[in-house]
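Please read all numbers here as calculations on a predicted model, not as lab measurements. Chain A is the first sequence line, chain B the second, and so forth, proteins listed ahead of strands; every chain is numbered from 1.
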There are 2 protein chains.
Amino acid sequence: MSAQSDNHAVLCEQLKACDVRPTPQREVVLKSILEKRDHPTADEVFARVKATMPSISLATVYNCLETLVSCGLVRSVNFERGPTRYCPNLHPHAHFHDVASGATHDIDLPESVLAKIKSVLPPGYAADSVEIVFRGKATPSARN
Amino acid sequence: MSAQSDNHAVLCEQLKACDVRPTPQREVVLKSILEKRDHPTADEVFARVKATMPSISLATVYNCLETLVSCGLVRSVNFERGPTRYCPNLHPHAHFHDVASGATHDIDLPESVLAKIKSVLPPGYAADSVEIVFRGKATPSARN
DNA sequence: GTAGTAATTAGAATTATTCTAATTACTGAT
DNA sequence: ATCAGTAATTAGAATAATTCTAATTACTAC
């Protein structure tokens, strides 16, 4: 339990800083994502969160996730048509989707590469975001 | 109607070259994608194809699209959790998703940029494919 | 021409997500 | 503190895209 994710006051501050009312549900959903550095689906978040808040509903989990994504505290990622996954890593990064294990790895994106990627856009195209997804196989030693 | 997409024999050859039986349904589905250089959904392909083959079923359209994608004659693209779209452009390219209009534009990817992108992968990561999706707004003049 | 396999089909089933309408919990003004 | 108004939560129904199922039809090779 890092001070970052386990502390009630810190989570509240993060939410308030985004102009979001710090409800217990939002806190516990945010905490469940920040504390594990993986890429859970809404269902997985629901399962985790029920451990500490058994009364929470799936609809609320969806609502909280949507709120957290739109205020920028978590990111969402999609692989093909699979269920949306949620990502605590806010630094610019790509995703590597291991088809063998189903696991998702964050791949750091240096500023220079990001700049090179954006340079492919012809004039008239204004991008708010870029999503880069690799698909392939990672050796077991390549852990994240 | 280009010779590429409108010719029965050419379509057959493309399918046979992939070890896929050239059925009338597969031909007409492939043709409907090749002839328009856009990014239709399965439903849109279904609608187009019914014009020339009213008896075709949606399940068959899905089956044909799956076959065509897995033999590499068309590509599939996804934007968030939206319906899968199909793309006739087989050259390496990124996609620009215009949030205002919903339109999708192909963005050519020079080999040098592709190489730079792949260079971010640490050892142990073997990527079969990379998907690059920009989200933003394109000026009306930026036509594809 | 027939047996065996592959493709197509209609409709049911599934999955992830969103919507609806009701309840509960806050907030700010008094 | 009290109350009105708004925001958040909830359970369950509804939706959308896709996949599955089981039956039929069409090929292919002998």
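Within the nucleic acid shown, B/Thr23 comes within 4.0 Å of sugar-phosphate atoms alone, with no base atom in reach, counting heavy atoms only.
Distance A/Glu27 CD to C/dC26 P: 12 Å, rounded to the nearest Å. The CG atom of A/Leu65 sits 15 Å away from the P atom of D/dA8 (whole-angstrom rounding). When rounded to the nearest whole Å, the span between CG of A/Asn63 and P of D/dA11 equals 12 Å. Atom NZ of B/Lys16 and atom P of C/dA6 are 18 Å apart (whole Å). We find that CG of B/Leu30 is positioned 16 Å from P of C/dA7, with the value rounded to whole Å. With rounding to whole Å, A/Arg26 atom CZ is found 6 Å from D/dA8 atom C1'. One can place CG of A/Leu68 at 13 Å from C1' of D/dA8, the figure rounded to the nearest angstrom. Look at CD on A/Glu66: it is 15 Å from C1' on C/dA16, rounded to the nearest Å.
Note on ring orientation: taking the six-membered ring where Trp is involved, the planes of B/His97 and B/Phe79 are parallel (angle under 30°, cut-offs 30° and 60°).
Taken residue by residue, residues 50-57 of chain A places heavy atoms nearer than 4.0 Å to DNA chain D at A/Ser55, A/Ile56, A/Ser57.
A pairwise comparison of heavy atoms in B/Leu114 and B/Pro92 identifies CD2-CB, 4.1 Å as the closest pair.
Between the B/Arg26 side chain and the B/Arg21 main chain, a donor and an acceptor come within less than 3.5 Å of each other.
Sorted by first then second residue, the salt bridge (charged side-chain N to carboxylate O under 4.0 Å, His left out) pairs that include residues 113-131 of chain B, not counting sequence neighbours, are B/Arg75-B/Glu131. Pairs of residues two or more places apart, or lying in two chains, that qualify as side-chain hydrogen bond (donor to acceptor under 3.5 Å, both in side chains) and include a residue from residues 44-56 of chain A are A/Asp38-A/Arg48.
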Criterion side chain to side chain contact (heavy atoms under 4.5 Å, CB included) on A/Phe46 and A/Ile56, from CA distance to verdict: CA-CA 8 Å; A/Phe46 184 45; A/Ile56 198 170; 4.1 Å; yes
Side chain to side chain contact (heavy atoms under 4.5 Å, CB included) between A/Thr84 and A/Val69, intermediate numbers included: CA-CA 12 Å; A/Thr84 299; A/Val69 167; over 6 Å; no
Pair A/Phe134-B/Val120, side chain to side chain contact (heavy atoms under 4.5 Å, CB included): steps then yes or no: CA-CA 11 Å; A/Phe134 295 94; B/Val120 303; 3.9 Å; yes
Side chain to side chain contact (heavy atoms under 4.5 Å, CB included) evaluation trace for A/Val28 with A/Leu11: CA-CA 9 Å; A/Val28 82; A/Leu11 291 167; over 6 Å; no
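Taking only side-chain nitrogens and oxygens, A/Gln25 never comes nearer than 4.0 Å to OP1 or OP2 of C/dA25.
For A/Arg135, the salt bridge (Lys or Arg N to Asp or Glu O under 4.0 Å) partners are A/Glu80, not counting sequence neighbours.
Each end of the helix from C/dG1-D/dC30 to C/dT30-D/dA1 gets its own axis from five base pairs, and the two axes differ in direction by 30°, given to 10 degrees.
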Footprint string (nucleotides 18-30 of chain D, 5' to 3'): B base within contact, S backbone only, - free, heavy atoms under 4.0 Å: BBB-------S--
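Interatomic distance, B/Cys71 SG to B/Glu66 CD, rounded to the nearest 0.5 Å: 10.0 Å.
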